[in-house]
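I have placed the structure first, in the form of structure tokens, so that the comments after it can refer back to it.
The first residue of the sequence shown is numbered 1, and numbering continues consecutively from there. These numbers were taken from a predicted model, which means no experiment stands behind them.
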Amino acid sequence: MAVTLCVPPRPGELCAPVRFLVRQDSVVMELTARHRITGVEWDERERAVAMVVEITDPQSARPVDVRIDVLETVTAAGAAHVDARTTTIGTIVRDGRQYDVVGTYLGVVADEN
């Protein structure tokens, strides 16, 4: 199931699939505002979470900051580990344990000039 952390691409809009390797359990990254995350899996060879993101032309979509977190899956009886701005991207199995991969929209990238 495809998810977005900001705005989905427009119908028929050309997107390029990019495979990101998330090597830490929490990372902030820059994406185009219009994007679609289409897959997440554990890459044993790379020892990292592989995430496929379809991004639109950076010239036509603002850059946004998002945070990707890899969190050990909590049972229904456990405490919630996400807030209202967080979206579940998918689930992976790493070293025999189940983890949730979640993303949080942090905002538009600040203009440096």
For residues 48-55, please give each side-chain donor-acceptor pair under 3.5 Å, one per line with the distance, not counting sequence neighbours.
residue	atom	partner	partner atom	Å
Glu54	OE1	Arg36	NE	2.9
Glu54	OE1	Arg36	NH2	3.2

For the atom pair [atom1] ([X]) and [atom2] ([Y]), what is the distance rounded to the nearest 0.5 Å?
| X | Y | atom1 | atom2 | answer |
| --- | --- | --- | --- | --- |
| Arg67 | Leu5 | CZ | CG | 10.5 Å |
| Glu41 | Thr91 | CD | OG1 | 13.0 Å |
| Ile89 | Ile37 | CD1 | CD1 | 4.0 Å |
| Asp69 | Thr86 | CG | OG1 | 7.5 Å |
| Leu14 | Thr56 | CG | OG1 | 9.5 Å |

How close do Arg23 and Leu21 get, counting heavy atoms only, and between which atoms?
NH2-CD1, 3.2 Å
Can you give me the closest heavy-atom contact between Tyr99 and Val70, atom names plus distance?
CB-CG1, 3.8 Å
What's the verdict on side chain to side chain contact (heavy atoms under 4.5 Å, CB included) for Ile68 and Val102, showing C-alpha distance, side-chain angles and the deciding distance?
CA-CA 6 Å; Ile68 306 299; Val102 298; over 6 Å; no
Is any NZ, NE, NH1 or NH2 atom of the basic residue among Asp25 and Arg94 found under 4.0 Å from an Asp or Glu carboxylate oxygen of the other?
yes
Step through the shown structure and confirm whether more than 12 heavy atoms of other residues, nucleotides or ligands are within 6.0 Å of CZ on Arg97.
no
Residue pair [X] / [Y], side-chain heavy-atom distance below 4.5 Å:
| X | Y | result |
| --- | --- | --- |
| Tyr105 | Leu31 | no |
| His35 | Pro9 | no |
| Val40 | Ile92 | yes |
| Leu106 | Val28 | yes |

Could you go through residues 57-65 and list every donor-acceptor pair under 3.5 Å that involves a side-chain atom there, pairing it with any protein atom two or more places apart or in another chain?
residue	atom	partner	partner atom	Å
Asp57	OD1	Gln59	N	2.9
Ser60	OG	Arg34	NH2	3.4
Ser60	OG	Asp57	O	3.1

Do Val93 and Leu71 sit in one hydrophobic cluster, given that two such residues count as connected whenever their side-chain heavy atoms are within less than 4.5 Å of each other, even indirectly?
no
Just to verify, what does Glu44 make a side chain to side chain donor-acceptor pair (under 3.5 Å) with, not counting sequence neighbours?
Trp42, Arg47
Whether the side chain of Thr38 engages the backbone of Ala2 through a donor-acceptor N/O pair (distance < 3.5 Å, no angle test) should be reported.
no
